[in-house]
Amino acid sequence: MSLLDAFIIGFSIIFGLLLALFFSGVIKNVKLFFVVFTFSVAWVSSSFLIYVIFR
């Protein structure tokens, strides 16, 4: 598995979790900066974790 594959898989997992949290109403009153910052950190960390596990 290449690093690009891991980033694509990590993006889809984190984006799905973010959409689920958004539509369930958990992140209603949170500022957009914190949502984007958390999303980017979670995306990078999960992608590297997926890359290391499936290397």
Side-chain angles (χ1 to χ4, degrees):
M1 172 180 290
S2 69
L3 191 59
L4 181 64
D5 295 335
F7 271 103
I8 292 171
I9 293 170
F11 177 79
S12 62
I13 291 171
I14 298 301
F15 190 70
L17 287 173
L18 187 69
L19 281 178
L21 288 174
F22 180 74
F23 285 123
S24 67
V26 174
I27 52 174
K28 271 192 252 183
N29 298 325
V30 181
K31 295 191 185 232
L32 184 64
F33 170 75
F34 294 115
V35 173
V36 171
F37 179 73
T38 306
F39 173 74
S40 61
V41 169
W43 179 27
V44 170
S45 62
S46 68
S47 297
F48 280 118
L49 183 65
I50 289 170
Y51 177 71
V52 167
I53 289 174
F54 292 109
R55 188 169 60 154

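Note that these values count all heavy atoms, side chains included, but never hydrogens, waters or copies made by symmetry. Here the structure is a predicted model, which is why all the values come from computation and not from measurement.
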Rounded to the nearest 0.5 angstrom, the CG-CZ distance for L49 and F54 is 9.0 Å

Ring pair (Phe, Tyr, Trp, His ring centres under 6.0 Å) filter on F22, not counting sequence neighbours, yields none

Check your understanding: Do you reckon F23 sits in the same ILVMFWY cluster as F34, going by side-chain contacts under 4.5 Å, direct or chained?
Key -> yes

Rounded to the nearest 0.5 angstrom, the CH2-CZ distance for W43 and F15 is 11.0 Å

So OG1 of T38 and CZ of F33: to nearest 0.5 Å the spacing works out to 8.5 Å

On a heavy-atom basis, the closest approach of S47 and G10 is OG-CA, 3.7 Å

Practice task
Using a 4.5 Å cut-off on heavy atoms from C-beta on, say whether the side chain of F7 contacts that of I50.
Solution key: no

Side-chain heavy atoms under 4.5 angstrom apart, residues restricted to Ile, Leu, Val, Met, Phe, Trp, Tyr: same cluster for L4 and F11? no

In short, side chain to side chain donor-acceptor pair (under 3.5 Å) pairs touching residues 5-25 with sequence neighbours left out are S2-D5

dist I9:CD1 -> S46:OG (nearest 0.5 Å) comes out at 10.0 Å

CZ (F39) and CG (L32) are apart, to the nearest 0.5 Å, by 12.0 Å

The reported gap from CD1 in I8 to CG in L3 (rounded to nearest 0.5 angstrom) is 10.0 Å

